[in-house]
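Read through the structure below, which is laid out as structure tokens, and then see the notes.
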Amino acid sequence: MTYNKIKQFDNKYYFKTYSRQPLALVKGQRTKLYDTNGKEYTDFFAGVAVNCLGYNDAEISKTIAKQAKKLLHVSNHFYTEEQAKVLQLLLDGSDFTRAFLCNSGAEANECALKLIRKYYYEKGVDKPVIITAESSFHGRTLATATLTGQPKYSLPFAPLPPAIKYVKYNDIAALSEALTPDVGAVLLETVQGEGGVNPATFEYLTAAYALAKSKGVIFALDEVQTGVGRTGKMYSYEHFGIIPDVITLAKGLGGGVPIGAVLARGALAEAFKPGDHGSTFGGNPLACAAAAVVLKRLKNTPLINEVEQKGVYLNDKLTELRVLDCVADVRGIGLLVGLQLKGYVKGAEIVGKMLDLGYIINCCSNNTLRFAPPFIITLQEIDAMADALKGLLSQF
Ligand code: PLP
């Protein structure tokens, strides 16, 4: 199908939820994507921080094909070896004791929220309030859009689930004040990805954790974007020397196949009883087979170390652009880096111009360009992208 035909169908039939870029992608190879005209793009967005092993990774492709012939889907009424393997990879030797497998980040956060509420229900304790941060992003279901500390994602869909309170991010005094006796949990991101690539400071996150612990409040981290290697550690909480009670994962976990997970520990992990939660597709054999490839690759090869090194390189390269008038800030960790532009340059326009030059980047909140390439991005590709961006931004 031609691009025009594809676009026509989309415009006519799809809910008007997306402002799409003016091209249709047809295939990918390693860090490159190709559109209907055969034009090549180097991908610094990875399908919103998903395709950690790039495109057409030989092992993922082979595993999926093999799995499709063996067993594509069975219900969670039965055990499968594929699920058992993923559980083993996620939990053996980890900080967590149990997991739930689902299909997306929003579902993982919904599950975590239900788990937290069930935990207090079982204890007979009335602590319904969940604290999240302003500018956070936790998903698009009604509950997770409400957990998201950006009213534009929830207000049009009122009435919203109650008992969710927002605090200023990186402000420990605000969190301390908000921790009233009715608060059951604090849910944060270590880097607010959608919210503008805002990293938590070490002081904030460690103090937030200590505060939650001292008040007997559950400390939950949304690692949907930061987890599974993206920040140069398996999970981003490892940068802070803390162990959350529960984390949520998705995005990179399946290397492009939809899968999400909730990992919890201690009594919290025991809160669900049969029937409390479930999913038709969650943890199905195909998704689990793909996730097992990703987890093994991250555990058994130096890839996560490479993320750290390449992340520093990307950060340095973008920081060099701070000499340009229009660059306000560069921040991030690992291969999740943001370059904030001053208001007179529109980030969305830069994304379009970079596409013309053959680079896929993204613009998130706060006029911030977001870079979240596959982990197999090369230093040469980072150099070339940074040069192209410099050329563009020098015009402002
Ligand atoms: N949580 C975080 C931190 C995210 O970045 C996202 C998506 O961008 C989500 C949750 C929602 O994930 P999904 O789109 O898979 O539902």
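Counting convention: from 1, in listed order, for ligands and their atoms alike.
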Applying side chain to side chain contact (heavy atoms under 4.5 Å, CB included) to P151 and not counting sequence neighbours gives L155
Query raised in the report: Do E82 and Q67 pass the side chain to side chain donor-acceptor pair (under 3.5 Å) test, and can you show the C-alpha distance, the side-chain angles, and the key distance before you say yes or no?
Result: CA-CA 9 Å; E82 289 76 14; Q67 189 62 42; 3.2 Å; yes
Residue set satisfying side chain to side chain contact (heavy atoms under 4.5 Å, CB included) with Q29, at least two apart, ordered chain then number -> Y34, N56
Run the salt-bridge test on R322 and D329 with the 4.0 Å N-O cut-off and return the result as yes or no. yes
Self-check item: Lys NZ or Arg CZ of R370 over F44 ring: under 6.0 Å, within 45°
Solution: no
Counting only non-hydrogen atoms and a 4.0 Å cut-off, the residues near ligand 1 are S104, G105, A106, N109, F137, H138, G139, E189, E194, D222, V224, Q225, K251
Students should find that the hydrophobic cluster of I360, defined by side-chain heavy atoms under 4.5 Å apart, otherwise consists of L23, L25, L33, Y41, F45, V48, Y55, L355
